[in-house]
2 protein chains.
Amino acid sequence: MTGRGPGWSAVRDRLHARILDRTYAPGAKLPRDADLADELGCARSTVQRAMRALDEAGLVERRRRGGTTVRADPVRRATFDIPVIRREVEGAGHRYGYVLRSRDRAEPPPAVARALGASAPMLRVRATHLADGRPYMGEDRWISLATVPEIAAVDLAAESANAWLVRHRPFDRCDLGLYASAADAEDAAVMDVAPGTALLIVERATFIAGAPITWVRAVTAPGYRLTATV
Amino acid sequence: MTGRGPGWSAVRDRLHARILDRTYAPGAKLPRDADLADELGCARSTVQRAMRALDEAGLVERRRRGGTTVRADPVRRATFDIPVIRREVEGAGHRYGYVLRSRDRAEPPPAVARALGASAPMLRVRATHLADGRPYMGEDRWISLATVPEIAAVDLAAESANAWLVRHRPFDRCDLGLYASAADAEDAAVMDVAPGTALLIVERATFIAGAPITWVRAVTAPGYRLTATV
DNA sequence: ACGCCGAATATGTAGCTACATATTAAAGGC
DNA sequence: GCCTTTAATATGTAGCTACATATTCGGCGT
């Protein structure tokens, strides 16, 4: 509509281009929001909306009174979508399967107790997710019986602990770790690979309102890869 | 100040709590923004600001006229900060080092050509980043001479290609892949580990304005892990 | 009953005022 | 010259109007 200036995304792109071509060099201070608004022919709130996007992308740093500066060492943020395993398997056109290998009530090992900040006995669940009948992801999971007592009554042979928790105990915080590991005898048996095979491991700890929910070490099939686009 | 309703972050938290306690169950439609504003005693734009945050977190899905729904399968987004290697090494209290192993002008292999969408001869650079004199990350990199012709004149023994590119050719798009690999003879020699050792591999392709900049396969030291908190 | 079209609707956005607040810089005293 | 205090400043936010637009649903015709 006539009379309206450029949109917030057009402003973001203009400013991003100036960062890329070094009109605004790393470490440099940008003009005040109000001055940019005058120059670009839009409102200060439009500039602010654009700047928030650049801030979230890790390109600039904003301070009240202090103004806006281009980050000298831009932090590169890669966002990976971590899908529900079943959705991932079926989305790739495979048949999903699930096998409960064991469930016990036991004291968590020190590393798990540290990660969750709890050491009371927990429910330990070992299970395998299958794609077309072959191991796709093996998981070794500890679930807090203090936070999720009702898990004790769930038939985890019929439904994966993860699927149950997603529906009954969503988390508000999750700690993630990714690393490579050579399959030991147990991993090798679970994933049906030769011992020593290089596997990607995803470790996850989830919490709700500061209370621990679950800790899980997921072993992925050989060739498994996580992808993202920044 | 009196007369002002709750802030956008308080609204976001209220709505998030209702998603978590299943007042709004997965797949359910949320009340209209205007109705929520009336109920919570704030402006519609405040509700919108809160909703945008929930949308970005992958918890809800917004459509004009269609309203807001709770995602039935919440996509779990994990954002990893991928630091500059030098900063990572020095930040951990180690001494950073860099060694250029080779540089050649060659035709990229098919997988690289596909990832970059280009097949003209490129500059191939193999280098190692060190922490306290030991291999920390080994990289095998292809740089487009069409997009970055000036790299041909850069002394890559004195400065890593990555450091140079960050300053002179920032990207506006980056494709990332993470996977585990058993060290072959070359990886083993580069990283000074036994062949077959499980290593985390980070593959990255960057672009500017649709043109390819570089493709790199980075081999990390044993024990290297990426972490994130959602 | 089905398909198409148009109106209604719910969210998205531009811009504005007024107020809030974190931060910076200048002034004054020692 | 240094330290403290205070005022100024640049960004952050709440709320509002008006307009934009993607989507949905109802009505009408066949």
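Letters A, B, ... mirror the listed sequences (proteins, then strands); counts begin at 1.
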For A:Glu61 and D:dT11, what is the distance between atoms CD and C1' respectively, to the nearest whole Å?
-> 14 Å
Hey, does the side chain of A:Gln48 come within less than 4.0 Å of D:dG12's phosphate (OP1/OP2), counting only N and O?
-> yes
Verify whether one side chain among B:Asn162 and B:Ser160 offers a donor that lies under 3.5 Å from an acceptor in the other.
-> no
Check DNA chain D against residues 9-17 of chain B and give the residues with a non-hydrogen atom under 4.0 Å, in numerical order.
-> none
Given C:dA14, is OP1 or OP2 found less than 4.0 Å from the side-chain N or O atoms of A:Ser45?
-> no
When rounded to whole Å, the CZ to C1' distance for the pair B:Arg62 and C:dT9 reads 14 Å
Examine the base of D:dG15 for any acceptor or donor lying under 3.5 Å from a partner atom in the side chain of B:Arg49, and report the outcome as yes or no.
-> no
Identify all side-chain donor-acceptor contacts of residues 50-64 of chain B below 3.5 Å with residues at least two apart in sequence or on another chain.
from    : atom 1 : to      : atom 2 : distance (Å)
B:Arg62 : NH1    : B:Asp33 : OD1    : 2.9
B:Arg62 : NH1    : B:Asp33 : OD2    : 3.3
B:Arg62 : NH1    : B:Thr68 : OG1    : 2.7
B:Arg62 : NH2    : B:Asp33 : OD2    : 2.8

Exceeds 12 heavy-atom contacts within 6.0 angstrom, atom CZ of A:Arg14 = no
Please confirm whether any donor atom in the side chain of B:Arg4 sits under 3.5 Å from an acceptor in the base of D:dT13, or the reverse.
-> yes
C:dA14 C1' sits how many Å from A:Trp8 CH2, rounded?
-> 13 Å
Residues passing the ring-ring contact (aromatic ring centres under 6.0 Å, His included) test with B:His168, sequence neighbours excluded, are B:Trp164
Give the rounded distance in Å between these two atoms: CG of A:Asp33 and P of D:dA10.
-> 10 Å
Taking only residues two or more places apart in sequence, or in another chain, which ones meet B:Arg49 in a salt bridge (charged side-chain N to carboxylate O under 4.0 Å, His left out)?
-> none
For D:dA10, does OP1 or OP2 lie under 4.0 Å from any side-chain N or O of A:Thr68?
-> no
C:dT13, D:dT11, D:dG15: which one has an atom nearest the side-chain heavy atoms of B:Arg44?
-> C:dT13
Report the residues that fulfil salt bridge (charged side-chain N to carboxylate O under 4.0 Å, His left out) with A:Arg173, sequence neighbours left out, ordered by chain and then residue number.
-> A:Asp175
Test: A:Arg86 and A:Glu159 ion pair at under 4.0 Å | no
Spell out protein contact along nucleotides 23-28 of chain C as letters: B when the base is contacted, S when just the sugar-phosphate is, - when no protein heavy atom is under 4.0 Å; keep the 5' to 3' order.
-> BBS---
Hey, is A:Arg225 close enough to B:Glu203 for a salt bridge, meaning N to O under 4.0 Å?
-> yes
Separation of A:Arg32 atom CZ from D:dG12 atom P, in whole Å?
-> 14 Å
Would A:Glu88 and A:Tyr136 count as having a side-chain donor-acceptor pair, cut-off 3.5 Å?
-> yes
Checking all strands, does A:Arg52 fall into the base, sugar-phosphate, or nothing category for heavy-atom contacts under 4.0 angstrom?
-> nothing
Whole-Å distance between C:dT13 C1' and B:Met51 CE?
-> 17 Å
